[in-house]
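Since the structure comes first, as C-alpha cells, the remarks are kept for the end.
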There are 2 protein chains.
Amino acid sequence: MQPREKFPAPTVRRLSLYLRELRAHQDAGHATISSKQLGEALGLTDAQVRKDLAFFGQFGHPGVGYRTAELIDRVRKILGKDRSWNACVVGAGNIGRALLPYGRFRRDGFDIVAIFDRDPAVIGTLIADHRVRPLSDLPALVRERSIRIGIIAVPAEAAQETALRLLEAGVVGILNFAPRRLDVGKRIAVVNVDFMVELEQLAFQLSLDTSAERPKPRKKSGERSHDD
Amino acid sequence: MQPREKFPAPTVRRLSLYLRELRAHQDAGHATISSKQLGEALGLTDAQVRKDLAFFGQFGHPGVGYRTAELIDRVRKILGKDRSWNACVVGAGNIGRALLPYGRFRRDGFDIVAIFDRDPAVIGTLIADHRVRPLSDLPALVRERSIRIGIIAVPAEAAQETALRLLEAGVVGILNFAPRRLDVGKRIAVVNVDFMVELEQLAFQLSLDTSAERPKPRKKSGERSHDD
DNA sequence: AGTTGTGAACTGATTCACAGCC
DNA sequence: GGCTGTGAATCAGTTCACAACT
C-alpha cells in the first residue's frame, strides 16, 4: 500500500546539478560547502538548496555546512548511481555514433554495452570497439548483458516501434533522442532529449530581447537555462 | 519602462512540444485540433493547453478548435522561428560532428554555418561540407556570416573560455553541451544540455521503482519525462 | 453540441525567518 | 559567528467551472 513516495520534479533535476557542482568544488580542494556557496554557484537561494536536500535526509552539519565527499556520496546514492547501469544504443547514425565513444558515461556508472541498427550495410561494422548488431539480437543481448536502459537514436519515424521492441526486450527505462513522443503505456520510464526543442527555447529568449528592442541597455537580459 | 513581459518557463517549454505535435497532426491530414486532442497527445489537460496559448493571444475558434496550419504559424512566430538563425559549432569532437550533418536544423530555421576547433590536427579538415576553422577566425566569421547562436561542444575544461570568446565575438545566445555551468554575466541567453543529467534523471526514476519493490504489479509505474 | 477563453480555486514550489546546533 | 533544518508565508502554476461564441 505504501504510496510510492513522490519528490518534486524540479528538486530531482537540481540534484544532478548539485552533484556536478559538488565534484567541481571537491576538485578545487574544498572539503566542505555551505548551502549558500552551492546555491550561488547555480543561481539558487541557500534555502532552496537546503529544502531540496532535506527531502532526502539530514546531511548537513550546522555551523560547518556539508562535507563535500559525504554529500557527493549521498546524492549519488539518491540518484541511483551507487550501482552501474548497462545501456544499449539503437540507431548507428550521427547521434548513436557520438554517444558510444563518450567516455564520461562509463566512468560514471552508465555502461553502453551494445549498439543496434536496422541497416544491413552498417550491421557488423565496428563503432568505438562495438560491433553493430541487428535488431533481432535485441532480446537476447538485453538478457545476456543485463541491459536496463535503452537509448533511442533512430529517426522519428522508427522511434515508436523501437520503443516497443525495447520494452518487449525488457529494458526498464528509455532515453529518447528522437523528436517525437513515445507511447509506452506508462509501463516504463522515459526521458526525452530533443535538440530542436532546446534551440527553440533559445530562439524564444532571443526573440523576446530583440522584439522589445529598447533604447537604453538594461540591467538584466534574457538569461535562462532549462538546466540551471 | 515596459517591464519585459515575462512568460512562465513551463509554458514556453510546452510550446515546443505543441509545435511538434501540431505538425504530426497536420501530416496526418487534420485541418483542426481541439485543446483536448492536443492535450491528450501530450499527457496534459485541455485547460493547460488553452491557458498556455492564451498567454500569447486568442488563436482558437469556439466550437471548432484551433486551425492546425494557423496555430503552427502562430507558435512558430512566438518561438522566433519566423526568421532563420545562423549558428556555429565550437568543438569538432563527437558531439560537434554529430550536430553538423543533422539536416533537421537547417530545414527548420537553424543554419549551422561554421565549425571551429582548437586542435591544429583537425583544423582544415572537412566535416559535412564545412571546413573546420581555427578559433582565431571566430570574430570575423560571426560578423561576416551573421552568426547569432554559438553551440558549445568542447570538453568541460574549455567550455567557460569558449563561452567568453563567443560572447566577445558577438553571439547573442549559447547552446551548451559541455557538462558545466557557464558564467556569462547575465549578458546573453544560455540553454544547457547535459546528457549525464538526463541519464541521472532516468536512473533516479528507475531506482524509485525497484527500491520500493512490491509484490503485486501496480497500475502506474515511474513514467516521467523532462520533456513531456 | 462542441469548444474556447478566463476568473476563481486549488495545488505545488520557493522564499522567509528563526530556533537549534556547532 | 556561521550554518542547518523547517514551519509559516508567499509566489507560481495548474485545474476547475462556466459564460460566451459557432
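As the structure is a prediction and not an experimental result, all values here were calculated from the model. Numbers restart at 1 for each chain; the letters A, B, ... are given by sequence-line order, proteins then strands.
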- request: Check whether the side chain of B/K51 and the base of D/dT15 form a donor-acceptor pair under 3.5 Å.
  value: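 Yes, a donor-acceptor pair under 3.5 Å.
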
- request: Report the residue (A/G63 or A/T45) whose heavy-atom-nearest nucleotide on DNA chain C is the more 5′ of the two.
  value: A/T45

Would you indicate which nucleotide in [options] comes nearest to any side-chain atom of [X]?
| X | options | result |
| --- | --- | --- |
| B/Q48 | C/dT4, D/dG5, D/dT14 | D/dT14 |
| A/P62 | C/dA13, D/dC21, C/dG20 | C/dG20 |
| A/Q58 | C/dT4, C/dC21, D/dG5 | D/dG5 |
| A/R50 | C/dA17, D/dT15, C/dT4 | C/dA17 |

Length of the line joining [X]:[atom1] and [N]:[atom2], which is rounded to integer Å:
| X | N | atom1 | atom2 | value |
| --- | --- | --- | --- | --- |
| B/H61 | C/dG5 | NE2 | P | 9 Å |
| A/F55 | D/dG5 | CZ | C1' | 13 Å |
| A/D52 | C/dG12 | CG | P | 17 Å |
| B/L42 | D/dT14 | CG | C1' | 16 Å |
| B/L38 | C/dG2 | CG | P | 19 Å |
| B/I33 | C/dG2 | CD1 | P | 17 Å |
| B/K36 | D/dC16 | NZ | C1' | 16 Å |
| A/H30 | D/dC3 | NE2 | P | 14 Å |

Residue-phosphate contact under 4.0 Å: A/Y66 side-chain N/O, D/dG2 OP1/OP2: no

- prompt: Reckon B/R14 has a side-chain N or O less than 4.0 Å from the OP1 or OP2 of D/dT14?
  reply: yes

query: Pick the nucleotide of DNA chain D nearest each of A/G65 and A/A47; which residue has the one closer to the 5' end?
result: A/G65

message: Pairing donors with acceptors under 3.5 angstrom, does anything connect the side chains of B/R50 and B/S35?
response: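 Their side chains do contain a donor-acceptor pair, which is all the 3.5 Å distance test asks for.
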
- prompt: If you measure from the Lys or Arg side-chain nitrogens to the Asp or Glu carboxylate oxygens, is any gap between A/D73 and A/K77 under 4.0 Å?
  reply: no

message: Check this for me: does any side-chain nitrogen of one of A/R23 and A/D108 sit under 4.0 Å from a carboxylate oxygen of the other?
response: yes

- request: For residues B/F110 and B/Y102, establish whether the separation of their ring centroids is below 6.0 Å.
  value: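 Distance test on ring centres: not under 6.0 Å, no.
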
- prompt: Taking all non-hydrogen atoms of both residues, which atom of B/L38 and which atom of B/L22 are closest, and how far apart?
  reply: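 So the minimum-distance heavy-atom pair works out to CD2-CD2, 4.4 Å.
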
